[in-house]
Amino acid sequence: MRVFNSMTRQKEEFIPLKKGEVSIYVCGPTVYNHIHIGNARTFISFDVIRRYLIWRGYDVRYISNITDVDDKIINRAHEEGRSAEEVASEYTAAFEKAMLALGVLEPTIRPRATDEIDEMIAVIDRLITMDHAYAVDGDVYFKVRSFPSYGSLSGRQLDDMLSGARVEIDERKNDPLDFALWKAAKEGEPFWDSPWGPGRPGWHIECSCMSKKYLGMPFDIHGGGADLIFPHHENEIAQAEACFETVFARYWMHGGMLLIDKEKMSKSLDNFLLIKDVLEQIDYRVIRLLMLQTHYRSPLDYSRERVDEAVVAYDRIKSTLRNTQWAIENADISCECDADEFVSADMLRSCAEEARAQFVESMDDDFNTAGALGAIFTLIGCTNTFLVHGIQSDEDTESARMVVETLVELMGILGIDMSDGDQPLPQELIALASELLGVGAKTPEAAVDILLEGRRAARASRNWGMADAIRDGLTNLGFIVEDTAQGARIHLERR
RNA sequence: GGCGACGUGGCCAAGUGGUAAGGCAGAGGACUGCAAAUCCUUUACCCCCGGUUCGAAUCCGGGCGUCGCCUCCA
């Protein structure tokens, strides 16, 4: 497997520290609001990476935190006249709910910053002892110039940063580049006692401490959005490596930004799209499919058009799966149709094997989900052609089953669950059968059979009025009826 | 100004040395009572100009363009 390492800016062979085990830390959200769709993209990207590593047989230890103490949370709390704890706990719950709805696996451990304050104080204290940090008026700052390799991840020189002139000037800092490890509490702010007085940890130290505590150092993969490279990840490295004098993370992986109308989401542009609102309208599978059609490191421009396209693409997979299943259930072994010009059972089987191999090859190459999906769609096309002649033999059945298994398994690696069971049929079907055909059915299932048989008979006698009445009746109940050479099949329309 | 990334068909997007996956949209055809679904066929001067090479979308140099980071940010 090859992985693009932001630190070296190239793809590298992925070799975990411990054979068969992978340790990952992904920066979680600051819980001051509902997460937006850009946040969601990052968490979905790393969820897929994790799922693939698991599928590849690795024992994956996946840590993702909650930053539940931060200036933004405090600001929000002030605005709304409630406590920072209330704000944090509301949006922590909302975040967990969103992750569940998006099909993101729960981390092995989801540490909260506020539960880890003691460790942070210990690390800060040690950094001061080692002369990598200093306290001023209850604040503690990290001495950037005491860490020679500072800037290596983001690829910038200390002097270049200064010339940017956007660095905040703070008289109390020894150097304008120094950043806060500990912030003294102001009136009305949450605080913890420390050797430097009451205060709270800085954002960067939180992630350094939590990753070190739960994964040790060095650990394998550190992930997050590309916008965290500087200063967040740069600072994490400086703190952790200065304190523990060993490598922090071995591979740095960064997800590309999600843009809306070609611009990054921002408050000033007021183009935030909250994932909870998106999920009200769009199936999470469609969202995942849409995102995974682009490589995780590339920028992704989100738009209504892209969603519409993804809906169609998703339906293509869904209907192939459904149609294959239907063909298996409605096999006509006795049929002697000539299948030579179509895809044979053997061809379908090798098509599925090829798709699987291409899927793996793509995913092994820095988690190329777009390529992996290409392999899946190639199998979809192959399967559809195969289905033109229906299932005519046991070999056909076997190959068709294999396709279903392959598709469900591979999509599952992408976190897209295609195996959802049949929804219960509505009772109204019984009334419909009775109304149109005068036949009483005991169950909706029986009613469907009666209706389809009634329609078949009507069509056979060229009674189009009756045939269409039955179809219209089913359509009104949300069903789509499709006539194939092997008979009529029926399914519930997507909502 | 500094750092970095990207520029592939109408739209989106894989592909990093051997003449271009896939999705969406379009056109033509097949099937069909109609519809739906599906199948078949079809659409690429790989931003421009130089260079390296037997051979480049792919490597190197230059240009143009887009975007991100440099301040909180997934």
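Protein chains get the first letters and strands the later ones, always in sequence-line order, with residue 1 at the start of each. None of the values given here were measured: they were computed from a predicted structure.
B/U58 is unpaired under the Watson-Crick or G-U wobble criterion, no partner having all donor-acceptor distances under 3.5 Å. In this structure B/U66 sits in a base pair with B/A5, meeting the Watson-Crick or G-U test at under 3.5 Å. Base pairing annotation: B/U16 forms no Watson-Crick or G-U wobble pair, as no partner gives both donor-acceptor distances under 3.5 Å.
A cation-pi arrangement is not found for A/Arg145 relative to A/Tyr150, the charged atom failing to lie both closer than 6.0 Å to the ring centre and inside a 45° cone about the ring normal. For the pair A/Arg76 and A/Tyr32, the cation does not sit on the ring face, since its NZ or CZ is not both under 6.0 Å from the ring centre and inside 45° of the axis.
Using a 4.0 Å heavy-atom distance criterion, A/Arg41 is classed as making no nucleic acid contact. Contact annotation for A/Glu482: base contact, defined as any heavy-atom pair under 4.0 Å involving a base atom. Note on A/Ala313: only backbone sugar-phosphate atoms sit closer than 4.0 angstrom, heavy atoms only; bases stay farther off. Residue contacts shown for A/Gly374 include a base, since a base heavy atom lies under 4.0 Å away. Looking at heavy-atom distances under 4.0 Å, A/Gly224 makes contact with sugar-phosphate atoms alone, never a base. Residue-level contact check: A/His36 touches the bases, meaning some heavy atom is under 4.0 Å from a base atom. Residue contacts for A/Asn384: at a heavy-atom cut-off of 4.0 Å it reaches the sugar-phosphate backbone alone, with no base atom in range. Among the atoms of the strands shown, only primed sugar atoms or phosphate atoms (P, OP1, OP2) are found under 4.0 Å from some heavy atom of A/Ser298. As judged by a 4.0 angstrom heavy-atom cut-off over every strand, A/Arg304 is placed among residues making no nucleic acid contact. Using a 4.0 Å heavy-atom cutoff across all strands shown, A/Asp227 reaches at least one base atom of the nucleic acid. Across all strands shown, A/Leu228 has heavy atoms under 4.0 Å from sugar-phosphate atoms exclusively, and none from any base. Residue contacts shown for A/Val481 include a base, since a base heavy atom lies under 4.0 Å away. Counting any heavy atom pair closer than 4.0 Å across all strands shown, A/Leu258 reaches a base atom. Among the atoms of the strands shown, none is found under 4.0 Å from any heavy atom of A/Thr484.
Place A/Tyr296 and A/Ser319 on RNA chain B by their nearest nucleotides, and A/Tyr296 ends up nearer the 5' end. Each of A/Asp308 and A/Val388 has a nearest nucleotide on RNA chain B; the 5'-most of these lies closest to A/Asp308.
If you take atom C1' in B/G10 and the same atom in B/G1, they sit 39 Å apart, rounded to whole Å. Remark: the separation of the P atoms in B/G22 and B/C31 is 26 Å, to the nearest Å. Here, B/U16 and B/A5 have their C1' atoms 15 Å apart, quoted to the whole Å. Annotation: B/C12 and B/A44 have their C1' atoms spaced 15 Å apart (nearest Å). Look at the C1' atom in both B/A13 and B/C6: the space between them is 13 Å, to the nearest Å. The P atoms of B/A57 and B/G7 are separated by 14 Å, rounded to the nearest whole Å. B/C48 and B/G65 are spaced 11 Å apart, taking the C1' atom of each and rounding to whole Å.
Residue A/Arg316 has a polar side-chain atom (N or O) positioned under 4.0 Å from OP1 or OP2 of B/G23. Between A/Ser6 and the phosphate of B/G4, there is no side-chain N or O to OP1/OP2 separation shorter than 4.0 Å. Taking only side-chain nitrogens and oxygens, A/Thr30 never comes nearer than 4.0 Å to OP1 or OP2 of B/C72. The phosphate of B/C69 (OP1 or OP2) has a side-chain N or O of A/Lys264 nearer than 4.0 angstrom. Distances shorter than 4.0 Å separate none of the side-chain N or O atoms of A/Asn323 from OP1 or OP2 on B/A37.
You cannot call A/Phe377 stacked on the base of B/G23; the centres under 5.5 Å and planes under 30° rule is not satisfied.
Between A/His204 and A/His232, the angle of the ring planes lies from 30° to 60°, which puts this pair in the tilted group. Taking the six-membered ring where tryptophan is involved, the planes of A/Trp252 and A/His233 are tilted, since the angle between them lies from 30° to 60°. A/Phe367 and A/Tyr52 have perpendicular rings, their planes meeting at more than 60° on a 0 to 90° scale where under 30° would count as parallel.
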- What's the verdict on side-chain hydrogen bond (donor to acceptor under 3.5 Å, both in side chains) for A/Asn39 and A/His36, showing C-alpha distance, side-chain angles and the deciding distance? CA-CA 5 Å; A/Asn39 297 307; A/His36 61 245; 3.3 Å; yes
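Among the nucleotides B/G15, B/G33, B/G2, the one closest to any side-chain atom of A/Arg156 is B/G2. Distances from the side chain of A/Lys72 to the nucleotides B/G33, B/C72, B/G23 place B/C72 closest.
Between the side chain of A/Ser6 and the main chain of A/Arg9, no donor-acceptor pair closer than 3.5 Å is present.
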